Participant: 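Please read through the structure below; I'll follow up with questions.
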There are 2 protein chains.
Amino acid sequence: MGRNKELNQKIKDERKEQILTHALRLFATKGLAATKISDIASASSMSQGLIYHYYRSKEDIFVELISGAFEKINAASLELERLPLSPPEKIRLALETLLQGLTDNEDTGLYYLLIAVATASEAIPDEAKKVISEKNTAPYEVVTRIIREGQRDGSLKNFDAEALALVFWTSIKGLAIHKATHREKFKAPDPEILLSMFM
Amino acid sequence: MGRNKELNQKIKDERKEQILTHALRLFATKGLAATKISDIASASSMSQGLIYHYYRSKEDIFVELISGAFEKINAASLELERLPLSPPEKIRLALETLLQGLTDNEDTGLYYLLIAVATASEAIPDEAKKVISEKNTAPYEVVTRIIREGQRDGSLKNFDAEALALVFWTSIKGLAIHKATHREKFKAPDPEILLSMFM
DNA sequence: GTCTATATCCAGATAGAC
DNA sequence: GTCTATCTGGATATAGAC
């Protein structure tokens with residue numbers, strides 16, 4: 001009996017994962033309001049009603065995705081900060097990884113797109129707004145700290161650190177958005193271009 | 001009678017302009033699907049039904065705005081190109097003007113935001129997609145040409161010109177999107193930061 | 001030209017059979 | 001757990017009075 005419960009739970013989790021994967025793509029490319037539950041259902045090869053067996057509402061799915069996106073990005077940011085690398089090396093690694101993620105068509109790109117689209121829109125659930133306002137600052141702060149450190153030892157340019165961090169992230173988001181429409185045609189720019197703002 | 005007709009036409013045009021102004025702000029901040037006709041109506045201080053006296057549908061308004069946005073931006077791009085300035089001066093002027101427009105809360109910023117949001121979303125009318133695919137490339141091409149010219153005379157850095165133009169515009173759009181959520185708190189970065197990618 | 005009232009449609013969410 | 005059928009609400013768009 002305990003075994004069955006465990007197995008059922010696992011199946012349930014997989015189902016939820018499946019829904020999330022397809023919802024991510026749809027929300028990121030069409031937005032929350034324009035994505036219908038039936039879109040998510042048919043993308044996930046299940047009936048429209050079945051979605052409600054796993055999630056209470058469309059907004060629930062959206063909020064879970066937003067939370068997950070920030071968790072991943074924030075975890076990656078903190079991980080980057082703790083690597084045994086010099087500030088310029090950290091910035092270079094971050095840019096290379098992010099740009100590579102965009103060209104490789106990884107979910108990463110979709111997460112950035114989702115966040116970009118979500119932060120840009122006022123038409124999102126209050127809970128999503130709360131998540132954004134709570135978790136959106138961490139990546140900016142991490143990059144700001146790395147830049148400050150590099151400026152202290154003279155290895156990074158002396159622009160205002162917060163402004164540089166802002167440009168860092170908004171450039172990535174801008175590229176993610178551009179990629180959304182140009183899918184196969186999209187070619188990420190040479191990381192050296194963006195790097196030249198920092199070093 | 002001719003006079004009356006003229007006057008009526010003028011009033012009608014003003015009404016339409018009024019609707020467009022408010023629709024621009026709403027579409028740019030909430031997106032097409034999440035913006036209700038009643039939102040536009042109440043923002044424009046008129047009844048919901050009256051909108052249909054001026055426009056056939058919500059999508060019509062959207063398409064007209066998108067077209068107008070591209071016309072303005074494309075005209076500004078071509079104008080920039082024809083100014084009697086050196087390539088680095090043109091790039092500098094463009095960045096300064098664009099960033100200034102963002103901080104000054106001008107409609108310009110909303111136009112960029114609208115375009116960024118619209119190009120990012122698949123959930124827009126087919127006619128809007130057509131307009132985008134036809135008119136979106138001009139600003140990229142103008143910037144590419146300016147960069148090439150600057151590279152020939154050695155006044156601009158030798159990165160791939162198209163990649164540079166891509167970063168130019170996606171950075172601006174990324175900042176426009178960021179500004180959308182941070183309204184009053186938003187402070188545009190020093191143009192020199194972005195400029196350091198070019199010269 | 002402008003409003004109010006309403007027809008129509010469509011999407012979110014629920015109920016209940018299997 | 002999954003489906004089909006249905007309820008319900010809300011938004012687009014229209015009709016008709018003033």
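Values below: every heavy atom of this structure, side chains too, minus hydrogens, waters and symmetry copies. Remember, it's a predicted structure, so these values are computed and weren't measured experimentally. Residue numbers begin at 1 in each chain, while the letters A, B, ... track the order of the sequences.
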Participant: Find which nucleotide of DNA chain C each of L50(B) and S38(A) is nearest to by heavy atoms, and output the residue with the more 5' nucleotide.
Facilitator: L50(B)
Participant: Under 4.0 Å: is that the gap between some side-chain N or O of R15(B) and OP1 or OP2 of dT2(C)?
Facilitator: yes
Participant: From CG of D60(A) over to C1' of dA13(C), roughly how many Å is that when rounded to an integer?
Facilitator: 12 Å
Participant: At under 4.0 Å between heavy atoms, what does Y54(B) touch on the DNA or RNA strands: base, sugar-phosphate, or nothing?
Facilitator: sugar-phosphate
Participant: Once you round it to whole Å, what is the distance between C1' of dG1(C) and CD of Q18(B)?
Facilitator: 13 Å
Participant: Between dT12(D), dT2(D), dC3(C), spot the one nearest the side chain of I37(B), thanks.
Facilitator: dT12(D)
Participant: Could you tell me the separation between the OH atom of Y55(A) and the C1' atom of dG1(D), rounded to a whole number of Å?
Facilitator: 16 Å
Participant: Between M46(A) and K58(B), which has a closest nucleotide on DNA chain D that is more 5'?
Facilitator: M46(A)
Participant: Which one, dG1(C), dA13(D), dT2(D), comes nearest to the side chain of K12(B)?
Facilitator: dG1(C)
Participant: Would you say dT14(D) has OP1 or OP2 under 4.0 Å from some side-chain N or O of Y52(B)?
Facilitator: no
Participant: Is it the case that the ring center of H178(A) lies less than 6.0 angstrom away from the ring center of Y140(B)?
Facilitator: yes
Participant: Starting at OG1 of T108(B), measure out to CD1 of I172(B) and round the result to the nearest 0.5 Å.
Facilitator: 11.5 Å
Participant: Over how many whole Å does the gap from K36(B) atom NZ to dG10(D) atom P extend?
Facilitator: 9 Å
Participant: Closest to the H53(A) side chain: dG12(C), dG1(D), dA5(C)?
Facilitator: dG1(D)
Participant: Could you tell me how far apart I51(B) (CD1) and dG1(C) (P) are, to the nearest whole angstrom?
Facilitator: 15 Å
Participant: Under 4.0 angstrom, heavy atoms only, what part of the nucleic acid is S45(A) near: base, sugar-phosphate, or nothing?
Facilitator: nothing
Participant: Do NZ/NE/NH1/NH2 and the carboxylate oxygens of E122(B) and R25(A) come within less than 4.0 Å?
Facilitator: no
Participant: Identify whether F27(A) and V131(A) are in the same connected component of the hydrophobic contact network (ILVMFWY, side-chain heavy atoms under 4.5 Å).
Facilitator: yes
Participant: Return the value, rounded to whole Å, for the distance between atom NZ of K16(B) and atom C1' of dG1(C).
Facilitator: 15 Å
Participant: Measure from NZ or CZ of K16(B) to the centre of the six-membered ring of Y55(B), then state whether that distance is under 6.0 Å and the direction lies within 45° of the axis.
Facilitator: yes
Participant: Rounded to the Å, how far apart are E59(A) CD and dA11(C) P?
Facilitator: 17 Å
Participant: Tell me: CD of Q48(B) to P of dT4(C), nearest whole Å?
Facilitator: 11 Å
